[in-house]
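Owing to the predicted nature of the structure, the values given are computational and were not obtained by experimental measurement. For reference, positions follow the sequence shown, starting with 1.
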Amino acid sequence: MATEEMPESAYSILTNSMYSSTEIEHELLSGRDDRSDLCNPESLLQAVVFVEDAVKFRSIYHKVDIKSLWYYRLYYSPVVQWFISTAICVILLLAFFENPSSLTWSSDPRKRGERVSAPCGLTEGIEFVCLLIFAVDVCMKAYLIGKKQFIKQKWLSAYVLVILASLIDWIVTVNFSCEEPLRVRRLLRPFFLLQNSSLMKKTVRSIKNTLPEVFSVILLVLLHLYFFTMVGLIMFSAQTSTASRNSSDTDSNSANIDGSEASEAFSSIGNAYMSLLVLLTTANNPDVMMPAYKENRMYALFFIIFLTIGLYCFFNMLTAVIYNQFRGYLQTSIQASFFRQRLGIRAAFEIMRRQGKGFSNRTQIRNTIPVSIVKSVILQVKMKKVFKAAIIRELDDNMGGFVTSTDFRSLFDVLDTPIRIKKEFPKKIFRHSVLNKIQSCVSHQYFAYFGSFVAVVNVFCITVEMGLTNKEKGIEDLVSALNFIFIIYYVVELMLKIWMLGWQKYFSTILNIIDFLVVVSLFVVEIAYASSVKTPFYSKIYDSHVLFVLSRVINLLILVRLFRIVTHIKPMAIVVWTTLDLIRNLRAFAGILVVIYYFFAILGIMVFNGKITFKDRDMNRTTECGTYEQLNYWANNFDDFAAALVVLWDVMLVNNWHIFLEAYKVYVSKWAQIYFILWYFVSVLVCLNLFAALIIENFITKWDRYHIQEQEDQQTMYMLNVHAMFRHDLKEPSEDDLMDALRQHNHLNL
């Protein structure tokens with residue numbers, strides 16, 4: 001047996017990989033020299049960890065002794081990382097249950113009743129456990145990277161300070177029996193989410209570097225607002241003063257500016273500035289313009305020029321600046337991650353190369369390592385099996401007996417290459433010629449086109465039926481009969497595909513699986529509907545609520561099946577795949593949104609909790625059109641965390657956000673408007689423009705790759721990660737830079 005020829009220490013390390021010992025022996029002893037038994041176990045483990053660091057874009061500046069490496073791999077194991085992520089989620093979700101809790105059916109103070117509050121000590125105890133997990137986390141990081149490296153890490157230093165501040169504030173809460181008026185640590189909780197994601201930290205760093213350019217454009221917008229504010233005051237105040245002096249000599253039908261224009265929108269610099277700021281978001285357009293416009297149509301030019309310059313020039317310029325600058329800084333950050341990846345690969349190569357110096361094989365080329373050692377390392381690396389299998393195949397097929405540093409580095413280019421494993425299923429052979437012809441028809445793309453055409457016709461029939469205002473019984477019966485016929489066709493189509501293509505080939509794609517589930521659900525619901533009315537060709541929708549629900553479920557499933565046409569229209573398919581890429585790649589951006597929403601919601605609760613109440617409402621405003629009271633916005637408040645999130649969402653959409661500005665100005669202070677203005681600038685002008693920039697970058701990358709691959713495979717659509725999006729723009733680090741960085745490693749002596 002090959003296992004008896006191996007030293008026990010090396011063999012025990014090999015068995016720690018995700019493969020069994022039999023698989024490792026098969027890979028290492030498949031007709032080539034096996035020299036992995038000459039490797040030092042510690043060096044072999046170092047190479048494995050460095051490769052894992054490269055795969056995950058982690059820094060290699062950590063301790064490299066066997067004990068530290070064991071703890072290092074344990075720390076980055078899925079179980080430990082899951083515990084840390086769970087602690088972060090739990091401590092963030094505590095805001096929904098802490099006082100004031102969000103456990104009410106309604107946020108409207110007139111309907112919510114008594115809040116369900118957790119007893120004092122329950123949420124505090126859960127929070128303390130989470131803080132202990134974070135403390136252990138930071139201690140483990142400090143142990144693994146060492147004191148010198150820990151001091152250099154600003155994020156880790158801030159991590160320690162946030163934990164200490166949270167613990168101190170937690171002690172204050174316990175001493176006050178949960179009755180303290182202010183909990184500062186709640187504002188610090190989003191930091192735990194930020195520091196746990198390297199991509200999120202890159203995004204924050206890129207946003208920070210982009211802010212100077214963004215602020216320059218925002219300053220230009222503010223100057224634009226100030227200029228038109230002063231012009232508006234000069235124009236409308238002067239006209240109003242003239243109208244006031246002549247008011248005694250004119251009747252009510254004379255041409256002058258409506259008094260509400262000057263008394264509200266342009267009565268002062270502050271009111272004029274706020275009115276134009278809201279107008280810049282189009283929330284009060286054309287309301288703010290109408291009092292002047294109805295008296296003199298030329299006054300419309302003032303507002304048209306203001307919006308044209310501010311909304312269509314400056315705001316689009318802001319999007320362009322954010323896209324250009326943020327993309328550049330993010331690419332620089334991705335370049336740093338790419339350097340860390342190459343550094344980890346080179347560190348693993350240097351470790352293995354020094355192990356290869358002891359080999360007595362004269363045919364070995366200088367500065368190379370045997371394939372057997374590379375295999376022994378790759379087999380132990382924790383990475384996706386598809387990438388590991390691709391690297392092993394590359395070693396066996398192209399490398400020969402030895403690997404150079406360039407060859408070893410190129411092995412990991414597969415990490416940036418979308419790999420699609422296509423399983424080949426044998427074609428079913430039928431003895432009868434008719435069945436073979438049917439199989440050819442079912443496999444042809446025109447059969448899929450015809451099925452999509454039938455689905456479109458079905459949806460068109462449903463649309464016509466639902467669009468009729470005066471529905472007749474005969475039309476409903478006809479639509480029910482047509483639905484039954486269409487569903488029979490869907491079932492027959494499904495059975496033909498499974499029979500002719502084979503169930504393994506049919507269920508090998510996710511689209512076919514979804515189509516199967518939809519058709520089966522549609523057939524079951526149709527059978528239930530037909531059995532209830534005794535016939536599928538007669539409708540009794542108005543006789544039973546159950547039948548009404550069943551008919552609507554049938555229509556809904558038919559609408560879902562319409563999405564199959566996406567696969568046949570390439571531009572639409574690109575948009576769909578870009579959307580899926582966004583879901584995957586915008587996790588870091590979504591985390592940034594969670595952070596700003598959480599911070600502003602907690603801050604809003606601290607400042608505005610209980611400031612607007614129904615019993616203390618201003619009765620004069622209840623009859624004034626367009627006010628907070630008249631529109632019954634009472635459910636939009638900062639009385640609990642969930643309600644605060646909804647208010648922030650409403651303000652971010654900027655529709656009627658001036659109503660919140662006016663209400664909190666009346667009930668709190670005019671300075672309360674600063675909170676909402678800051679939220680508008682952060683969420684809309686910065687974050688939403690960043691979102692637009694990422695969508696543009698993702699779509700451009702997807703579109704370019706589609707046209708490159710169009711001639712090769714028109715059915716190929718790949719999911720791209722953030723690093724793959726910028727891969728073609730990244731520069732390969734030089735050998736000198738890599739070796740200089742390796743020499744700076746405090747725990748590695750090469």
Gap between atom CG of Leu307 and atom CZ of Phe302 - 0.5 Å precision: 9.5 Å
Only distances under 3.5 Å count here; give the side-chain donor-acceptor pairs of residues 212-235 to other protein atoms, sequence neighbours excluded, each with its distance to 0.1 Å.
unit_1: Ser216; atom_1: OG; unit_2: Glu213; atom_2: O; d: 2.4
unit_1: His224; atom_1: NE2; unit_2: Phe306; atom_2: O; d: 3.1
unit_1: Thr229; atom_1: OG1; unit_2: Leu225; atom_2: O; d: 2.6

Which residues pass the side chain to side chain contact (heavy atoms under 4.5 Å, CB included) test with Ile696, sequence neighbours left out? Tyr323, Ile700
Interatomic spacing from CZ in Phe691 to CD1 in Ile322 - rounded to 0.5 Å: 14.0 Å
Between the side chain of Thr282 and the main-chain N/O of Asn285, is any donor-acceptor distance below 3.5 Å? no
Heavy-atom check, side chain of Ser683 versus side chain of Leu648, under 4.5 Å: no
Has Asp640 got a side-chain atom pairing as donor or acceptor with Ala643's backbone, closer than 3.5 angstrom? yes
Does Arg205 have any side-chain hydrogen bond (donor to acceptor under 3.5 Å, both in side chains) partners at least two apart in sequence or in another chain, and if so, which? none
For a quick test of your reading: what N or O donor-acceptor pairs under 3.5 Å do the side chains of residues 649-661 make, sequence neighbours left out?
unit_1: Asn656; atom_1: ND2; unit_2: Tyr633; atom_2: OH; d: 3.2
unit_1: Trp657; atom_1: NE1; unit_2: Thr281; atom_2: OG1; d: 3.0

Would you compute the distance between atom OG of Ser206 and atom CD of Gln325 and round it to the nearest 0.5 angstrom? 11.5 Å
Excluding sequence neighbours, so at least two apart, what forms side chain to side chain contact (heavy atoms under 4.5 Å, CB included) with Phe614? Arg110, Arg617, Trp634
Only one of Gln331, Glu732, Lys731 passes side-chain contact (heavy atoms from CB on, under 4.5 Å) with Phe338, and that residue is Glu732
Contacts of Thr332 meeting side-chain hydrogen bond (donor to acceptor under 3.5 Å, both in side chains) (sequence neighbours excluded), chain-then-number -> none
Closest non-hydrogen atoms of Gly610 and Asp639, given as atom of the first, atom of the second and distance, are N-OD1, 3.0 Å
Is the shortest heavy-atom distance from the side chain of Ile145 to the side chain of Leu156 under 4.5 Å? yes
Beyond-backbone contact of Ile309 with Phe314, side-chain heavy atoms, under 4.5 angstrom: yes
Ring centres under 6.0 angstrom apart (Phe303, Tyr293): no
Classify the ring geometry between Phe191 and Trp155 as parallel (under 30°), tilted (30 to 60°) or perpendicular (over 60°). parallel
Closest heavy-atom contact between Tyr299 and Ala292? CD1-O, 3.6 Å
Which residues pass the side-chain hydrogen bond (donor to acceptor under 3.5 Å, both in side chains) test with Thr319, not counting sequence neighbours? Asn689
Distance-minimising heavy-atom pair for Ser101 and Arg115: O-NH1, 2.6 Å
Counting N and O atoms only, with roles assigned by atom type, does the side chain of Asn637 sit under 3.5 Å from a partner on the main chain of Ser107, one being a donor and the other an acceptor? yes
Around atom NZ of Lys56, are there more than 12 heavy atoms of other residues, nucleotides or ligands at under 6.0 Å? no
Please check this pair: side chain of Gln673 against backbone of Lys670, looking for a donor-acceptor N/O pair closer than 3.5 Å. yes
Contacts of Ser734 that satisfy side chain to side chain contact (heavy atoms under 4.5 Å, CB included) - sequence neighbours left out: Asp736, Asp737
Any side-chain heavy-atom pair of Tyr61 and Leu343 under 4.5 Å: yes
With heavy-atom distances below 4.5 Å as the criterion, would you say the side chains of Asp137 and Gln195 are in contact? yes
Does the Ser166 side chain pair with the main chain of Val162, one donor and one acceptor, at a distance under 3.5 Å? yes
Report the residues that fulfil side-chain hydrogen bond (donor to acceptor under 3.5 Å, both in side chains) with Arg185, sequence neighbours left out, ordered by chain and then residue number. Glu127, Asp169, Thr173
Just to verify, what does Tyr664 make a ring pair (Phe, Tyr, Trp, His ring centres under 6.0 Å) with, not counting sequence neighbours? Phe608, Phe638, Phe676
Is it true that atom NZ of Lys611 has more than 12 heavy atoms of other residues, nucleotides or ligands lying nearer than 6.0 Å? no
Hey, does the side chain of Ser102 reach the backbone of Ala642 with a donor-acceptor pair shorter than 3.5 angstrom? yes
Quick one: side chains of residues 588-601, donor-acceptor pairs under 3.5 Å with protein atoms, not counting sequence neighbours, listed by atom name and distance.
unit_1: Tyr598; atom_1: OH; unit_2: Leu92; atom_2: O; d: 3.1
unit_1: Tyr598; atom_1: OH; unit_2: Arg189; atom_2: NH1; d: 3.4

Just jot down the side chain to side chain contact (heavy atoms under 4.5 Å, CB included) partners of Ser85, sequence neighbours excluded, or say none. Asn196
Heavy-atom pair with the smallest gap, counting every atom of Ile602 and Ala95: CD1-CB, 4.3 Å
Can you name the nearest heavy-atom pair linking Thr104 to Ser106, along with the distance? OG1-O, 2.9 Å
